[in-house]
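Report on the structure given below.
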Number of protein chains: 2
Amino acid sequence: MTVSEENYIKVIYHLSLVSPKGINTNAIAGMIDTKASSVTDMLKKLSDKELVSYQKYQGVTLTEKGFYLAKMIVRKHRLWEVFLVNKLHFTWDEVHEIAEELEHIQSEKLMNRLDEFLGFPAFDPHGDPIPNKNGEMVTIDKILLSEADLNLEYVCVGVKNSSVEFLQYLDKQKISLGSNIKVLSKEEFDASLTIELNLKTLTISHKIAENLFIKIQ
Amino acid sequence: MTVSEENYIKVIYHLSLVSPKGINTNAIAGMIDTKASSVTDMLKKLSDKELVSYQKYQGVTLTEKGFYLAKMIVRKHRLWEVFLVNKLHFTWDEVHEIAEELEHIQSEKLMNRLDEFLGFPAFDPHGDPIPNKNGEMVTIDKILLSEADLNLEYVCVGVKNSSVEFLQYLDKQKISLGSNIKVLSKEEFDASLTIELNLKTLTISHKIAENLFIKIQ
DNA sequence: ATAAATATTTAGTTTTGTCTAAAAATATTT
DNA sequence: AAATATTTTTAGACAAAACTAAATATTTAT
């Protein structure tokens, strides 16, 4: 597997989680920052390797083999992120770019040893689940903060958007994984929320609320 | 810098340490397992980037810039090896191949953090010195076991050959970095040595002796 | 010092992953 | 349902890094 092939597999995987039908050529091109024609070329190659099922003009889906491979790449990415944050004290907004490189290192033994070294973490620093060596991962009943009921006790468990800007905004507001959140009120006009965060009151926009995952209790 | 360019720079660096004059095209080809014509192509490219000084037919030397870059690649390789052995419990014969991949990860901050995490090690698991962030590294007065004087107390400080076969041979004989070695006698016919190793007597061939670094005391 | 052997470079080709421009298929609008 | 718009694919080209085969330098041997 080349780095390029792995990046396509990974992008198809992430798109598949959002829309479970065939993934469009253009959607892939948008994520990888390449042209649709290049995507078509690569889909043929991945299809020859039986990593995707591809019918001309009908989009693409991962095969069993491709799906497992994608999860192994995601596993590597997220384990490296945990390493960078927990062991090397990087902040959660610094690790994505480095992990994008590290996820292509080819050694299953390395990842299993790293997994053990880190204590078999179930989630990465952004709250995303880490597949184990068999590709299995835990699922939690998380919802977006924008969908929260008023006056219930929630806890922040993840971010939908992992951009540097968003993560640094959360740091500034002292919002982190594990923060306790209660929605006190919702503004009709702009859907902004007034929330209680770790005993302090704070107003956040709808755009922030729809990028934060929470769960009850 | 591409992975390929970095591999050329690294090989030229290692060859330079052995023979300090211009490095031959063929010597590079032999180390990289490629053809001389491919080397010529790459030398032109590296010369354009001012990483090497290259005169047709006259061999190549690293520029200041290329030399520093080479040391940073070596630094990465050796720090990752320390990580793999000290933190993930790999054996010294398993780490070279993985480090060959990891050495191309591009993040100075990552390496400086890893360096700190490992306690700023001065040597890798094979006894090779690790350049610091400025490219400086310690030198020790090491000699080959094949050049040792009789009946002096030496300590094993490194291996010249890091092949899996050699390292596993050393494991089998319980020879490791830090082992105490005294040469009891040398056979005229084949230059084999009878040595005292950690209080036991052992016979080793000349080929082994000329791949083990030792120092006095 | 010339001939033979070796080393290096040049020229032209291949593969991978990309691109542009044009053609073809599908989707949307009227 | 036809016309228009959008999406996707094809065809042909390019750059990087390798290759082969031929040409040219350099080194070694006679």
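Computed from a predicted model, the values in this text were never measured in an experiment. Chain letters run A, B, ... following the sequence lines, proteins first and then strands; every chain starts at 1.
Remark: Glu94(B) pairs with Lys109(A) by the salt bridge (Lys or Arg N to Asp or Glu O under 4.0 Å) rule, at least two apart or across chains. In this structure Glu108(A) satisfies the side chain to side chain donor-acceptor pair (under 3.5 Å) test with no other residue, sequence neighbours excluded. In this structure, the side-chain contact (heavy atoms from CB on, under 4.5 Å) partners of Ser185(A), at least two apart in sequence or on a different chain, are Thr194(A). With sequence neighbours excluded, no residue forms a salt bridge (Lys or Arg N to Asp or Glu O under 4.0 Å) with Glu101(B). Residues satisfying the salt bridge (Lys or Arg N to Asp or Glu O under 4.0 Å) criterion with Lys49(B), sequence neighbours excluded, are Glu5(B).
Contact between the side-chain N/O atoms of Lys35(A) and the OP1/OP2 oxygens of dT20(C) is found at a separation under 4.0 Å. At dA16(D), none of the side-chain N or O atoms of Ser4(B) fall inside 4.0 Å of OP1 or OP2 (strictly under the cut-off). Residue Thr34(A) places at least one side-chain N or O closer than 4.0 Å to OP1 or OP2 of dC19(C). Contact annotation: Thr40(B) reaches the phosphate of dT9(C) (side-chain N/O to OP1 or OP2, under 4.0 Å). For Ser38(A) and dC19(C), the shortest distance from a side-chain N or O to OP1 or OP2 is below 4.0 Å. Residue Asn26(A) places no side-chain N or O under 4.0 Å from the OP1 or OP2 atom of dT6(D).
As rounded to whole Å, 10 Å separates atom C1' of dT8(D) from atom NZ of Lys44(A). Between the CG atom of Asn24(A) and the P atom of dT7(D) there is a distance of 9 Å, given to the nearest Å. In this structure, CG of Asp41(B) is placed 9 Å from P of dT10(C), rounded to the nearest angstrom. Atom C1' of nucleotide dT9(C) and atom OH of Tyr54(B) are separated by 7 Å, given to the nearest angstrom. The separation between Asp48(A) atom CG and dT16(C) atom P is 11 Å, rounded to whole Å. In this entry the distance linking OH of Tyr8(A) with P of dT16(C) reads 15 Å, nearest Å. Nucleotide dA18(D) holds its C1' atom 14 Å from the CD atom of Glu5(B), rounded to whole Å. In this structure, CD of Gln55(A) is placed 14 Å from C1' of dT8(D), rounded to the nearest angstrom.
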- [ ] Using a 4.0 Å heavy-atom cut-off, write out nucleotides 21-28 of chain D from 5' to 3' as B (base contacted by protein), S (sugar-phosphate only) or - (no contact).
- [x] B--BSS--
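Within residues 13-21 of chain B, no residue has any heavy atom closer than 4.0 Å to DNA chain C.
If you check the side chains of Glu6(B) and Gln106(B), you find a donor sitting under 3.5 Å from an acceptor.
Stem regions for DNA chain C, each three or more consecutive Watson-Crick or G-U pairs with both distances under 3.5 Å and listed by first number, read C:1-30 with D:1-30.
Between Phe166(B) and Tyr169(B), the ring planes are parallel. Angles under 30° get that label, and only those over 60° would be called perpendicular.
Within the structure, salt bridge (charged side-chain N to carboxylate O under 4.0 Å, His left out) contacts touching residues 119-145 of chain A (residues at least two apart or in different chains) are Arg78(A)-Asp124(A). Sequence neighbours left out, the pairs with a member in residues 65-76 of chain A that pass salt bridge (charged side-chain N to carboxylate O under 4.0 Å, His left out) are Arg75(A)-Asp115(A). Within the structure, ring pair (Phe, Tyr, Trp, His ring centres under 6.0 Å) pairs that include any residue of residues 89-120 of chain A comprise His77(A)-His96(A) (at least two apart or interchain).
Once rounded to the nearest 0.5 Å, the distance linking CG of Leu193(B) with NZ of Lys186(B) reads 6.0 Å.
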Expected list for residues 13-38 of chain A: side-chain donor-acceptor pairs under 3.5 angstrom, two or more places apart:
unit_1, atom_1, unit_2, atom_2, d
Ser16(A), OG, Ile12(A), O, 2.7

